[in-house]
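Single-structure report; data block below.
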Number of protein chains: 2
Amino acid sequence: MKNKKSIKIENIHPGLSVDCVLFGFDNNELKILLLKLKSIEKWALPGGFVEKDKDVSEGTNSVLKERIGLENIFLKQFYLFGNVSRNENSHTKLLIEHKIISEDLREWFQQRFVTVGYYALVEYSKVKETTVDFISESCEWHSINELPEMILDHKKIILKAHQTLKKELNSEPIGLNLLPKQFTMPELQALYETVLEKKLDRRNFSRKMLNYRILIATNQRRAGVRHKAPKLYEFDEIKYNQAILDGFNSVW
Amino acid sequence: MKNKKSIKIENIHPGLSVDCVLFGFDNNELKILLLKLKSIEKWALPGGFVEKDKDVSEGTNSVLKERIGLENIFLKQFYLFGNVSRNENSHTKLLIEHKIISEDLREWFQQRFVTVGYYALVEYSKVKETTVDFISESCEWHSINELPEMILDHKKIILKAHQTLKKELNSEPIGLNLLPKQFTMPELQALYETVLEKKLDRRNFSRKMLNYRILIATNQRRAGVRHKAPKLYEFDEIKYNQAILDGFNSVW
DNA sequence: GCAAAAGTGTTAATGGTACACCCATGG
DNA sequence: CCATGGGTGTACCATTAACACTTTTGC
């Protein structure tokens, strides 16, 4: 299955896979990191299998490292996709026909799989020189609004991840790991608007954000724009992480 | 594995189990439905395995029906527990020693399992005459504050279910399926206080609840109390279910 | 100087918090 | 008639929504 330290299927947890929805933000668009499979005109979420002696979350991190060279991503488990209908043997057939996997793995690949969905927010610019593994030919960001043809139920997985993310915005901040270290208030707002898919009032947004007390105003401004230069902010990481733990807007 | 239409382990999805946290409300306490295992002084969440040709959610419903005779419960998936450390072979040993499972299933039971947690809210009084399957000797409600000795990580699963439930109260109502058809405002409040583990102001609670517009005031009152008889309410099921879908208290 | 977008302010409506007071009931 | 708990009201405060006006910048 793997190129370097080849993993034996006997050591892999049967019938279980993981899939990661990596969200990035660029050009006022929400983007997802996808892998183009070799020989097939379809894309896939970075994902893979978990070894029997590894925790699922740990295994998921290993998968990301091995498939696209990303380490230490904060992943959040959001759902287990366990419908029978998500398994499609035509997919395995193609993989074998194109010699991406060998014939003797046919049976193993054709077993019924359930998959655990994880998502993470990653800074777009940091994921430029990713490596890809031997079953993928490239790794690219795609706008969530213009997804290419994808294998299995990967589009559904992305949809569910996006829904979960939207809902979490009601009780948690977003932005750290998704924006560069320094950013302007309008940039942060654009991120929120993109994730939520709706316009927000500029003035109310700013006030509300500042009231959360997770931002540090620097005394620098973003220069070179043909209008008033906006202030640069940073997240107060201590308070930001505390807010993630405690949650905002608790009603009871 | 099963008594009547015996399920063959070849047809079961390997390494995957489901566990159900059934919440009930009685005597101002939050209770969990637990099964007492035969021959072992430990209790377990009702749970089991999923057949290869069944959706996980469907399989979970079947498990509940087969183990405790409950049907048509609205189950909510909340987490996949996938740590290696949750597997304990001493448990399998005991099951075999006490002939609850046969020797030839040892290997199958000793494989590493991940388990999907589901929870549901069920009306306490409706679950009186539950049947139990052949590996359990009884089925009882236990206060979440006084849980008996439990197998594996089942206490952790209950804790996580409770945390999830608390968090969901910020965006969804609770009570339908957990209270009888008619209930008083103080009873509803007691439910909220129990789940949230905190006291709420009587007058503000009532106003807020009524503002959600999911209650129907009947013109009856709960008689026989030695103080002013409280009004009886019912949930407007249409609006209640709509509220579950739409969510309350969206901040953006 | 003008367009574009940032920064700041104001106001009304809403909802939450923290109370006080009266009412019905059984003992 | 009184203790107990239910029902209703109110005043204050914080937050939200919907706005107007001023400031800075590049061209």
Side-chain angles (χ1 to χ4, degrees), chain A residues 27-28 169-173 175 179-180 182-194 196-234 243 246-252, chain B residues 27-28 166 169-173 175 179-180 182-194 196 198-234 243 246-252:
Chain A
N27 196 233
N28 282 358
L169 279 202
N170 283 318
S171 60
E172 291 171 19
L179 291 173
Q182 299 200 324
F183 52 88
T184 68
M185 192 62 82
E187 283 161 6
L188 182 57
Q189 182 180 342
L191 168 60
Y192 269 76
E193 290 181 340
T194 302
L196 294 164
E197 299 174 298
K198 63 153 88 167
K199 287 282 160 203
L200 303 172
D201 183 273
R202 184 171 63 86
R203 298 150 287 193
N204 295 334
F205 178 84
S206 168
R207 189 180 7 235
K208 191 163 178 169
M209 230 19 173
L210 291 172
N211 277 341
Y212 285 155
R213 315 236 162 254
I214 56 171
L215 295 180
I216 300 170
T218 70
N219 40 23
Q220 295 151 267
R221 286 166 182 273
R222 168 94 71 231
V225 282
R226 53 192 263 272
H227 54 76
K228 187 167 181 175
K231 277 187 194 166
L232 286 170
Y233 292 88
E234 291 175 11
D246 298 345
F248 285 148
N249 306 110
S250 167
V251 298
W252 294 109
Chain B
N27 196 233
N28 281 359
K166 273 192 197 179
L169 279 203
N170 283 318
S171 59
E172 291 172 18
L179 291 174
Q182 298 199 327
F183 51 89
T184 67
M185 193 61 83
E187 283 161 6
L188 182 57
Q189 183 179 340
L191 168 61
Y192 269 75
E193 288 181 341
T194 302
L196 294 164
K198 64 153 87 167
K199 287 281 160 205
L200 302 172
D201 183 274
R202 184 171 63 88
R203 296 149 288 193
N204 295 335
F205 177 83
S206 168
R207 191 185 4 237
K208 192 162 176 169
M209 228 27 179
L210 291 171
N211 276 341
Y212 284 155
R213 317 235 161 255
I214 55 171
L215 295 181
I216 301 170
T218 70
N219 39 25
Q220 295 152 266
R221 286 167 183 273
R222 168 94 69 230
V225 284
R226 53 191 265 273
H227 54 74
K228 187 168 180 176
K231 276 187 195 165
L232 286 169
Y233 292 89
E234 291 175 11
D246 298 347
F248 284 149
N249 306 109
S250 167
V251 299
W252 293 109

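Each chain gets a letter, A, B and so on, in the order its sequence line appears, and its residues count up from 1.
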On DNA chain C, more 5' by nearest nucleotide between A/Arg202 and A/Arg226 is A/Arg226
If you apply the rule side-chain contact (heavy atoms from CB on, under 4.5 Å), what do you find for A/Phe205 with A/Glu193, and how did you get there?
CA-CA 10 Å; A/Phe205 178 84; A/Glu193 290 181 340; over 6 Å; no
5'-most contact on DNA chain D (nearest-nucleotide basis), B/Lys231 vs B/Val251, goes to B/Lys231
For B/Trp252, is the NZ or CZ atom of A/Lys208 found under 6.0 angstrom from the centre of its six-membered ring and inside 45 degrees of the ring axis?
yes
From CZ of A/Arg203 across to P of D/dA17 the rounded distance in Å is 13 Å
Nearest whole angstrom, please: distance from the P of D/dG5 to the CG of B/Asn28.
12 Å
d(CZ, A/Phe248; P, D/dT16) in whole Å
11 Å
Taking atom C1' of D/dT24 as reference, at what distance in whole Å does atom CZ of A/Arg221 sit?
8 Å
Which whole-number value in Å describes the distance from B/Asn204 CG to D/dG9 P?
14 Å
Look at the side chain of B/Arg207 against the base of D/dT10 and say whether a donor-acceptor pair falls under 3.5 Å; ignore hydrogens and angles.
yes
What is the separation between atom CG on A/Asn249 and atom C1' on D/dT15, rounded to the nearest whole Å?
10 Å
Any A/Asn211 side-chain heavy atom under 4.5 Å of A/Arg213 side chain:
yes
Distance below 4.0 Å between A/Lys208 side-chain N/O and D/dT16 OP1 or OP2
yes
Specify the separation, in whole Å, of atom NZ of B/Lys228 and atom P of D/dG6.
10 Å
If you pin B/Met185 and A/Asp201 to their nearest nucleotides in DNA chain D, which one's is more 5'?
B/Met185
Nucleotides bounding contact with chain A, strand DNA chain C, heavy-atom threshold 4.0 Å:
C/dA4 to C/dT10
Drop me the distance from A/Ile214's CD1 to A/Glu234's CD, to the nearest 0.5 angstrom.
13.0 Å
Heavy-atom side-chain contact between B/Leu179 and B/Tyr233 under 4.5 Å
no
Rounded to whole angstroms, how far apart are OH on A/Tyr212 and P on D/dT15?
10 Å
Using a 4.5 Å cut-off on heavy atoms from C-beta on, say whether the side chain of B/Asn204 contacts that of B/Arg207.
yes
Taking the side chain as every heavy atom from C-beta outward, state whether B/Asn170 and A/Phe248 have any pair of such atoms under 4.5 Å apart.
no
